[in-house]
Structure formats: C-alpha cells, structure tokens
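If you read the sequence from its start, that first residue is 1, and numbering goes on from there. Computation of the quantities below employed the complete heavy-atom set of this structure, encompassing side-chain atoms and omitting hydrogens, waters and symmetry-equivalent molecules.
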Amino acid sequence: MAELMVRDGTWTFDGDAVRIVPGRERGVHKLRQDLGEFTVPLAALAGIALEPGRKGGRLRLRLREGADPLLQVTGGGLPDEANPYRLTVDAGRVEVAEYFVDTVRQALMLEQIPDGPADRYLLPGPSVPLSAAGVDGVATFDGERVHLEWRWNTSETKRDWGPRNFTLGALEAVEWRAAAGLESGYLRFRPRGATERLKPEHDPNSIELWGFKKESGTTALLAAAVAARLPHPSAGTGKALPTAAPAAPLTSAAPLAPAAPRAPAAAPAEDHDALLRRLRELGELHRDGILTEEEFTATKAAVLRRFHTGG
C-alpha cells in the first residue's frame, strides 16, 4: 500500500488500482471536485512520472489511449489544473511521491501491463445524472437520454428546432472541444448518419462553449458520461491491439491463464537471475521496514508467479 496525501488531494495505490480523491480546498478545480473519487485500475495505466518543480513537483499518471472516456472525449483539451491525473506535490512530500512512483512502476513491470491502446474503456466514466450549462443552452443526461434546452440568447436557428432529445441508440458520437482564441468551443451530439457540420452557434445538436470557466467544466464530464455508454472508438475498426495486450485486465489476483493445461515454461537464464535479484531486493526492503508484511507477501507472490510463467 502506498498513499500520498497533499492539499491537492489523496492518491492511494493498493497494488491493483490507484484510488484518486480530489482535495476540497480552495484552488482545486471544480471539474475535479465534481468528478469526485474514482479508481484507476492498473490495467489502464501506461506510466507514472514525478515532474520536478521549484517548490516540490507534480505527480502525473499517463493512461493508455482509449482507456478513459474523459481523456478520449476531451482529446487533451483539459487545462492542467482541471486534469484529474495530475497532483501538485508539496516540497515536504517529494520523497513520499517518489516512493509512490516506484511502487506503481514496480507493479506495472511485475504484471507486464502493456502501454499500447486499449480496445475498450477501462474506467466507467462520470456518474449520472448530470447537468451542464454552456453559453446558449443546458444539457442533461440521465444515463439513457440526452436533453438539450436552449437559453434566451441562443440563435434563431436553434430556437426554431426547439428542445432536443437523443437516446443513446440514436447517437453515433459525442464531441467536446474547448474554445481556442476567437473560435468557440462546443459540446456536440452527433446523430447517426448526420454529415452536415454547422458552427456551434447554429448547430441544433451543439451547445456553444466560451473559454474554460470552472463552472463550465461539467460539460466535459457530461460528454465523458455519454461517451462511456457508446461503442468504443476502436469498435468495428478491425485494428489489432499490440500482441502484448491481454484480452482482459491482468491483475495480481487474476493472472492470465493458458487456454489449455501445459507444462510451465522455464524462464530464460537472464530473466531467472533478474527475478532472483528482485526477490533479494524485496527481502531487504522488508527487513529494513520499507515494505510492510502485506506488501512484501503480495509482491513476492507476483515475482514467484513469473518463475512459473516464464516471465
């Protein structure tokens, strides 16, 4: 178990997943607070890094492409302060953050988690129901249906269409873009078969967004909640995942099993020596009190499994 508690929030890693709890202090972005507590399974992670800063640093999780509907639908458009996978680390907690990074990296290595794209969402997306306001309208989503209601300042084109309703089955995709310069952003619901792309202020399937105010970040959460319930972007593309990717999340509690019984393959000599060194290192960490009995037992079991599966 590794835990890092700072003003920005608390991250806990139990060997199988990272539990993220946002801080409630002033200055923590509202999007992160609205998203609330959530869990990132180890199988969704591509990496973790501690970025040094003048007064501490920033801890950042890197997720596999396509694993998280929020990152998928926002396409890197979230500002750093709204990114739930970024944690500001105080100077006095840097050593704890370094230990946290080492622990997660060790688990990724032991479980051989691939860092390539995921073929399905490994996180469930934000909880519903959700309501989000843009410049000219309000969107609500109850988990099955999207409803758009226009404000007084909407364009005549949208007003002529009246309120809009979409079932999930009628939607091909949901799109979210932050405003850039003088170009408006949008929360767009794309019906199946629709080909015409109007500007957000005239599109009856879009809510217009200006800037990225704290209160408007909920539009990104609503987009992610809808995306999580639509077919994954890789569905039907025929694109194969990297061969290293397991068909199901691989965790220490559920190692990947062969399709039929067979004699375990012996680990190559160089892997065998590396695993022996790893066991000795774990023993030293346990003896020095760095690893608890529970952490030592779990990690040792994962290493021993690699002896029997050939690494």
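Under the 3.5 Å distance criterion, the side-chain polar atoms of His232 are matched with a main-chain donor or acceptor of Gly66. The backbone N or O of Ala17 lies less than 3.5 Å from a partner atom in the side chain of Asp14, making a donor-acceptor pair. At least one donor-acceptor pair under 3.5 Å links the side chain of Gln33 to the backbone N or O of Gly23. Remark: the backbone N or O of Ala133 is not paired with any side-chain donor or acceptor of Arg151 at under 3.5 angstrom. Of the possible polar contacts, one joining the Arg105 side chain to the Ile48 backbone as a donor-acceptor pair under 3.5 Å is found. Lys30 places no side-chain N or O within 3.5 Å of a backbone atom of Thr218 that could act as its donor or acceptor partner. Side-chain N or O atoms of Trp210 include none that pairs as donor or acceptor with a backbone N or O of Ser184 at under 3.5 Å. Of the possible polar contacts, one joining the Arg192 side chain to the Gly169 backbone as a donor-acceptor pair under 3.5 Å is found. Side-chain atoms of Asn153 come within 3.5 Å of backbone N or O of Val135 as a donor-acceptor pair.
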Stepwise side-chain hydrogen bond (donor to acceptor under 3.5 Å, both in side chains) test for Asn205 and Arg190
CA-CA 7 Å; Asn205 302 322; Arg190 197 168 78 227; over 6 Å; no
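Within the structure, no pair that satisfies the ring-ring contact (aromatic ring centres under 6.0 Å, His included) test touches residues 154-174, not counting sequence neighbours.
Evaluated for a salt bridge (charged side-chain N to carboxylate O under 4.0 Å, His left out) with Arg188, the options Glu172, Glu201, Glu175 yield exactly one hit, Glu175.
Ring planes of Phe100 and Trp11: tilted class, angle from 30 to 60°.
Residues Arg58 and Asp8 are not paired through a salt bridge, judged by the lack of any N-O separation under 4.0 Å between the basic side chain and the carboxylate.
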